[in-house]
K.L.:
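Below you'll find the structure I mean.
Order of appearance sets the numbers: ligands from 1, and atoms from 1 within every ligand. In what follows, residues are counted from 1 in the order of the sequence shown.
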Amino acid sequence: MYIVPESEVQNLITPDEAFDAVESVFASMAKRSAYNFPVIREAIGHADALYGFKSGFDRESLALGLKSGGFWPGNTKRGLTNHQSSVFLFDANTGRCRAVVGGNLLTALRTAAASAVSIKYIARKGAKTIGIIGAGHQSAFQLRAALKQRQFERVFGWNIDPSMLSRLEGVSSEAGLPFEAVELEKLGAESDVIITITSSFSPILKASQVRPGTHLACMGTDTKGKQEVEAELVATASIFTDEIAQSVSIGECQHAVAASMIHQDAVVELGAVINGDHPGRLSEEEITLYDGTGVGLQDLAVASRIVELAIKSGAAKNIDF
Ligand code: NAD
């Protein structure tokens, strides 16, 4: 069995390789050759922790396994990241545990890759401005991956605590782009692409603040009750997602579906656009929304790539198990 520790992951996989892995597994999901198993997520009644696992199987790549972990709010005080996860891969022919991979950086890369894939396929080709709502740990990964998809010229940022926006300013200056901290009205009025990546449980962005032609990638809502944009905005948009079952139950679409403003038939898998089975954006005026809920197969796809690279470079520890 191979072990790839968290500390090695950054030396092995690039954001571009994570992008390719996620793009490819979304395509497999839409072809029904890869599927996710039901997600388990529980408050364990200890250390205020939320623990769970996401799992699945890709019959094309034979990636089989799970990502297990969750959120431990007391970790910061211990000098640890609050979000903790590990990926376990199994041999699809024998069921033997094949590898364990540190899942923290992997999660950030696979989540950023998902919104970037949505921008590649659905945002307007001429998009020049990008707005990021949220300035936590994930936001920097989101912005870096998004900037590769279009010739962006300006970056806008909003966060409930504006002092955190220096993180996005830093990423923008790395890319040689001007950054402006703005109110939501300006962010909505001037951004061609908007990414939301917060832990909010109530809508931040209103339908009236978003102009025609915008592409939104809503990435923070991955649990029942969370919400980043008004349900009216979801109902106005052409909606794409990683997995429809998650989108309507734990994703941004949950609220519009519960209010009967949309039916789940209105939600299209991004993989169908990647495969050429759905045209994606239909006009320059359409508002498109990608509901990125985060699926286990994304984790397995990126972890499998990391293991391949680790074996090749000698970074994987091989133990008898
Ligand atoms: P973080 O704790 O580092 O940052 C949280 C961000 O949310 C900060 O910008 C914070 O200011 C903002 N925020 C918190 N409460 C808010 C509120 N009530 N209103 C507005 N903004 C608020 O977290 P992170 O690692 O950057 O992750 C951000 C979110 O993305 C989390 O909710 C996480 O669960 C989610 N996430 C989703 C996926 C996915 O695949 N969809 C993957 C990983 C993380």
K.L.:
Can you tell me which residue and heavy atom of the protein come closest to atom 29 (C) of ligand 1, and the distance to 0.1 Å?
P.N.:
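Closest protein heavy atom to atom 29 (C) of ligand 1: T198 O, 3.4 Å.
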K.L.:
Answer side chain, backbone, both or neither: which part of T293 comes under 4.0 Å from ligand 1, heavy atoms only.
P.N.:
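The answer is the backbone of T293.
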K.L.:
Just to be sure I'm reading this right: ignoring hydrogens, which of S199, C218, S202, S200 gets closest to atom 5 (C) of ligand 1? Compare them by their nearest heavy atoms.
P.N.:
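The option holding the nearest heavy atom is S199.
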K.L.:
Quick one: which ligand 1 atoms are inside 4.0 Å of a heavy atom on D222?
P.N.:
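Ligand 1 atoms under the 4.0 Å threshold to D222: 33 (C), 34 (O), 35 (C), 36 (N), 37 (C), 38 (C).
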K.L.:
For M219, which part has a heavy atom under 4.0 Å from ligand 1: side chain, backbone, both, or neither?
P.N.:
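Contact part for M219 vs ligand 1: backbone (N, CA, C, O).
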K.L.:
Got a second to check how far H137's NE2 is from Q142's CD, nearest 0.5 Å?
P.N.:
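If we round to the nearest 0.5 Å, H137:NE2 and Q142:CD are 11.0 Å apart.
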K.L.:
Can you pull out the closest protein heavy atom to atom 3 (O) of ligand 1? Residue, atom name and distance to 0.1 Å, please.
P.N.:
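Nearest neighbour among protein heavy atoms for atom 3 (O) of ligand 1, to 0.1 Å: H137 N, 2.8 Å.
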K.L.:
Pairs of nitrogen or oxygen atoms closer than 3.5 Å, one from S139 and one from ligand 1: do any exist?
P.N.:
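In fact, backbone or side chain, S139 has no N or O that close.
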K.L.:
Could you tell me whether some N/O pair between A135 and ligand 1 is separated by less than 3.5 angstrom?
P.N.:
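Indeed, backbone or side chain, A135 has an N or O that close.
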K.L.:
Using a 4.0 Å cut-off to any heavy atom of G134, which atoms of ligand 1 qualify?
P.N.:
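Per the distance check, 9 (O).
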K.L.:
Do any N/O atoms on I197 end up under 3.5 angstrom from N/O atoms on ligand 1?
P.N.:
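No; every N/O pair is 3.5 Å or more apart.
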K.L.:
For atom 44 (C) of ligand 1, grab the closest protein heavy atom and report residue, atom and distance to one decimal in Å.
P.N.:
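Looking only at protein heavy atoms, the one closest to atom 44 (C) of ligand 1 is Q138 NE2, 3.9 Å.
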K.L.:
With heavy atoms under 4.0 Å as the rule, classify the contact between I160 and ligand 1 as side chain, backbone, both or neither.
P.N.:
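Only the side chain of I160 comes within reach of ligand 1.
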K.L.:
Are T14 and D16 linked by a side-chain donor-acceptor pair shorter than 3.5 Å?
P.N.:
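Judged by distance alone, the side chains do not pair up.
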K.L.:
Give a yes/no on ligand 1: does E228 have at least one heavy atom closer than 4.0 angstrom to it?
P.N.:
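E228: no contact with ligand 1 (<4.0 Å).
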K.L.:
Relative to the ring of H278, is the ring of F240 parallel (under 30°), tilted (30 to 60°) or perpendicular (over 60°)?
P.N.:
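The rings of F240 and H278 stand perpendicular, inter-plane angle above 60°.
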K.L.:
Using a 4.0 Å heavy-atom threshold (strictly under), name the region of R110 that reaches ligand 1: side chain, backbone, both or neither.
P.N.:
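Within the 4.0 Å criterion, R110 contacts ligand 1 through side-chain atoms alone.
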K.L.:
Counting neighbours of CZ on R167 that are heavy atoms of other residues, nucleotides or ligands and sit closer than 6.0 Å, is the number greater than 12?
P.N.:
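More than 12 within 6.0 Å, yes.
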K.L.:
Under 3.5 Å, N or O to N or O, is F201 touching ligand 1 that way?
P.N.:
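No, since none of the N or O atoms of F201 sits under 3.5 Å from an N or O of ligand 1.
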K.L.:
Between E252 and T221, do the side chains contain a donor N or O and an acceptor N or O under 3.5 Å apart?
P.N.:
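Note: T221 and E252 side chains meet the donor-acceptor criterion.
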K.L.:
Below 3.5 Å, N or O to N or O, backbone or side chain included: is there any such pair between D161 and ligand 1?
P.N.:
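Between D161 and ligand 1 (N or O atoms, distance only) the closest approach is not under 3.5 Å.
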K.L.:
Under the 3.5 angstrom rule, does the side chain of E228 hit a backbone N or O of G220 as a donor-acceptor pair?
P.N.:
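Yes, E228 side chain to G220 backbone: donor-acceptor pair under 3.5 Å.
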K.L.:
Evaluate side chain to side chain donor-acceptor pair (under 3.5 Å) for T129 paired with D192, printing each intermediate quantity in order.
P.N.:
CA-CA 5 Å; T129 51; D192 297 327; 3.2 Å; yes
K.L.:
Assess, by modelled atom type and distance only, whether the side chains of K67 and T107 contain a donor and an acceptor separated by less than 3.5 Å.
P.N.:
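Distance-only check passes for K67 and T107.
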K.L.:
How far apart are the C-alpha atoms of R59 and S33, what are their side-chain angles, what is the distance that settles it, and do they pass the side chain to side chain donor-acceptor pair (under 3.5 Å) test?
P.N.:
CA-CA 5 Å; R59 277 199 307 266; S33 50; 5.7 Å; no
K.L.:
What I want to know is whether T221 and ligand 1 share at least one N or O pair that is separated by under 3.5 angstrom.
P.N.:
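By distance alone, the answer is no.
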K.L.:
Mark up the atoms of ligand 1 that fall under 4.0 Å of a heavy atom belonging to M164, in ascending order.
P.N.:
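Within the 4.0 Å cut-off of M164, ligand 1 contributes 8 (C), 9 (O), 11 (O).
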K.L.:
Please step through ring pair (Phe, Tyr, Trp, His ring centres under 6.0 Å) for the pair Y35 and F37, ending with a clear verdict.
P.N.:
CA-CA 7 Å; Y35 55 101; F37 306 149; 5.5 Å; yes
K.L.:
Taking everything shown except E174 itself, do over 12 heavy atoms lie less than 6.0 Å from its CD?
P.N.:
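Correct, the count exceeds 12.
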K.L.:
Pull out every atom of ligand 1 sitting under 4.0 Å from any heavy atom of K226, numbered as shown with elements.
P.N.:
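Selected atoms, number and element: 31 (C), 32 (O), 33 (C), 34 (O).
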